A.B. asks: 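The structure's right below; bear with me while I get my questions together.
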Amino acid sequence: MSTISLSKKQIQKDGGVVVLSLAEYKKLSERAVPEYYLTGKAARDLDTLVKEGLRDYESGKCRKIKSLGDLD
């Protein structure tokens with residue numbers, strides 16, 4: 001059995017500690033992000049946007065930038 005040492009001062013400062021299994025943490029984090037399902041025109045518009053983006057990427061029109069200041 002492993003022991004974990006936690007500073008009482010740090011726990012009080014942060015407002016407590018939660019211990020979860022990794023599997024439970026993964027389930028909890030997956031449920032924290034909402035899922036959206038688009039239909040109709042919104043779905044078609046998004047599909048078109050993705051296709052255009054992939055086409056631009058494959059043709060080499062995309063480039064990596066480090067900040068928004070690098071944009072022309």
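Quick caveat: nothing in here was measured; it's all calculated off a predicted structure. Heads up: numbering here begins at 1 and tracks the sequence.
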A.B. asks: Let me confirm one number: the CD-OH distance from Glu30 to Tyr25, rounded to the nearest 0.5 Å.
C.D. replies: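 Separation between the atoms: 10.5 Å.
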A.B. asks: Do Val33 and Tyr36 belong to the same hydrophobic cluster, where Ile, Leu, Val, Met, Phe, Trp and Tyr are linked whenever their side-chain heavy atoms lie under 4.5 Å apart, directly or via other members?
C.D. replies: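 Result: no, two separate clusters.
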A.B. asks: Answer yes if Val19 and Leu6 sit in the same cluster of Ile, Leu, Val, Met, Phe, Trp and Tyr residues linked by side chain heavy atoms under 4.5 Å apart, and no otherwise.
C.D. replies: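 Yes, Val19 connects to Leu6 through the hydrophobic network.
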A.B. asks: Distance from Thr48 atom OG1 to Arg44 atom CZ, nearest 0.5 Å?
C.D. replies: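 If I round to the nearest 0.5 Å, the distance is 8.5 Å.
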A.B. asks: Report the distance from atom CG of Leu22 to atom NZ of Lys27, rounding to the nearest 0.5 Å.
C.D. replies: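 NZ of Lys27 is found 11.5 Å from CG of Leu22.
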A.B. asks: Distance check, rounded to the nearest 0.5 Å: Leu46 atom CG versus Leu38 atom CG?
C.D. replies: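 Leu46 atom CG to Leu38 atom CG measures 6.0 Å (nearest 0.5 Å).
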A.B. asks: What distance do Leu54 atom CG and Glu52 atom CD have between them, rounded to the nearest 0.5 Å?
C.D. replies: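 Between atom CG of Leu54 and atom CD of Glu52 there are 10.5 Å.
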A.B. asks: With rounding to the nearest 0.5 angstrom, report the CD to NZ distance, Gln12 to Lys8.
C.D. replies: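 NZ of Lys8 is found 5.5 Å from CD of Gln12.
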